[in-house]
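These notes are about the structure you will find just below.
No experiment lies behind these values; they were computed from the predicted model shown. In what follows, residues are counted from 1 in the order of the sequence shown.
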Amino acid sequence: TDDDYQPPSAGASVATLKGSRVSEGGVFGDVYTGYVYMIDLKSVRDAAAGWDKPIPLAPGKHTIMAEYRYSNFKARTTLTLTANAGASYQLMILHGRESTAEIKRFCDFWIIETATGKIVTKVLRAQALGGKKGTIFNVPT
């Protein structure tokens, strides 16, 4: 549809961007996923399921809307990326908890150029919301 992101034709002049996943051991086998759900205000089809599939980008400036998910928790942010032709990029996530009067979950988001590992956007923090009252996944409101 007109609201869906239409990637440019594949070729040497396009850049690519993909998400990331962090798996940690433990009783629940925690899995944290970060993915791109919108590019330039256009929805990316099957964004969560395709977190690891490179998305072609035309060279130039793009608005990247990213999401983090863990269990019932979700955080979102908007990053600005200037893509270079032929470059590969990856959305990175780092989750954590702030110990204040109420424990608040958060996720930091940023994008790297995969060839160099260089950070190419600002690092932005967003609060992760979700959970259900009365469970171990409760997030105070």
Side-chain angles (χ1 to χ4, degrees), residues 1-133 135-141:
T1 67
D2 290 339
D3 293 333
D4 288 338
Y5 175 69
Q6 301 298 322
S9 301
S13 64
V14 300
T16 60
L17 172 63
K18 68 177 185 172
S20 60
R21 178 170 278 175
V22 178
S23 298
E24 295 178 354
V27 177
F28 298 110
D30 299 334
V31 176
Y32 307 87
T33 306
Y35 54 91
V36 174
Y37 73 95
M38 291 186 97
I39 298 173
D40 300 329
L41 302 177
K42 300 284 186 178
S43 297
V44 174
R45 286 184 169 248
D46 302 319
W51 67 269
D52 61 340
K53 294 180 178 48
I55 304 166
L57 293 171
K61 190 172 181 177
H62 296 280
T63 300
I64 307 297
M65 298 177 85
E67 184 169 279
Y68 152 87
R69 283 199 184 168
Y70 161 67
S71 183
N72 295 335
F73 296 95
K74 178 171 35 175
R76 288 181 169 179
T77 197
T78 302
L79 299 161
T80 301
L81 170 67
T82 301
N84 294 318
S88 294
Y89 299 96
Q90 185 169 9
L91 172 69
M92 304 301 289
I93 56 172
L94 176 67
H95 62 93
R97 290 184 279 185
E98 295 175 348
S99 295
T100 58
E102 299 175 0
I103 294 177
K104 294 183 179 181
R105 291 183 179 271
F106 67 84
C107 181
D108 290 340
F109 296 86
W110 68 98
I111 296 174
I112 64 165
E113 183 177 6
T114 57
T116 63
K118 180 182 174 189
I119 298 172
V120 295
T121 65
K122 291 182 179 180
V123 177
L124 299 177
R125 177 168 287 183
Q127 185 174 352
L129 303 173
K132 294 182 179 179
K133 293 187 184 281
T135 72
I136 61 171
F137 300 111
N138 183 40
V139 174
T141 53

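In this structure, NZ in K61 is found 10.5 Å from CG in D40, a value given to the nearest 0.5 Å. One finds the CE atom of M38 at 9.0 Å from the CG atom of D4 (value rounded to the nearest 0.5 Å). Atoms CG and CG, on D108 and L94 in that order, are 5.5 Å from each other to the nearest 0.5 Å. Note: R45 CZ to D3 CG = 10.5 Å, rounded to the nearest 0.5 Å. With rounding to the nearest 0.5 angstrom, the CG atom of N84 is 4.0 Å from the OH atom of Y89. The CG atom of L81 lies 6.5 Å from the CG atom of L17; values are rounded to the nearest 0.5 Å.
Of the residues listed (I93, L124, T77), the one engaging C107 in a side-chain contact (heavy atoms from CB on, under 4.5 Å) is I93, and it is the only one.
Y70 does not carry R105 over the face of its six-membered ring by the limits of under 6.0 Å from the centre and within 45° of the normal.
Minimum interatomic distance between P56 and Y5 (heavy atoms only, all atoms of both residues): O-OH, 2.6 Å. In plain terms, the two heavy atoms of Y68 and A128 that are nearest each other are CE2-CB, 4.0 Å. A pairwise comparison of heavy atoms in M65 and L41 identifies SD-CD2, 3.9 Å as the closest pair. Nearest heavy atoms, L57 versus H62: CB-NE2, 4.1 Å. The shortest heavy-atom contact between P8 and V14 is CG-CG1, 3.7 Å. Nearest approach of S13 to A85, heavy atoms of both residues: O-CB, 3.3 Å.
With hydrogens and angles disregarded, no donor-acceptor distance shorter than 3.5 Å links the side chain of T114 to the backbone of Q90.
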Could you walk me through whether F109 and L91 pass the side-chain contact (heavy atoms from CB on, under 4.5 Å) check?
CA-CA 7 Å; F109 296 86; L91 172 69; 4.2 Å; yes
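Here D52 does not pair with K18 in a salt bridge; the nearest charged N to carboxylate O distance is not below 4.0 Å.
Partners of T16 under the side chain to side chain donor-acceptor pair (under 3.5 Å) rule, at least two apart in sequence or in another chain, are S88.
Residues I64 and I39 are in side-chain contact: their nearest non-hydrogen atoms beyond the backbone lie under 4.5 Å apart. H95 places none of its side-chain heavy atoms less than 4.5 Å from the side chain of F73.
For CG of D46, the number of neighbouring non-hydrogen atoms (other residues, nucleotides, ligands) closer than 6.0 Å is 12 at most.
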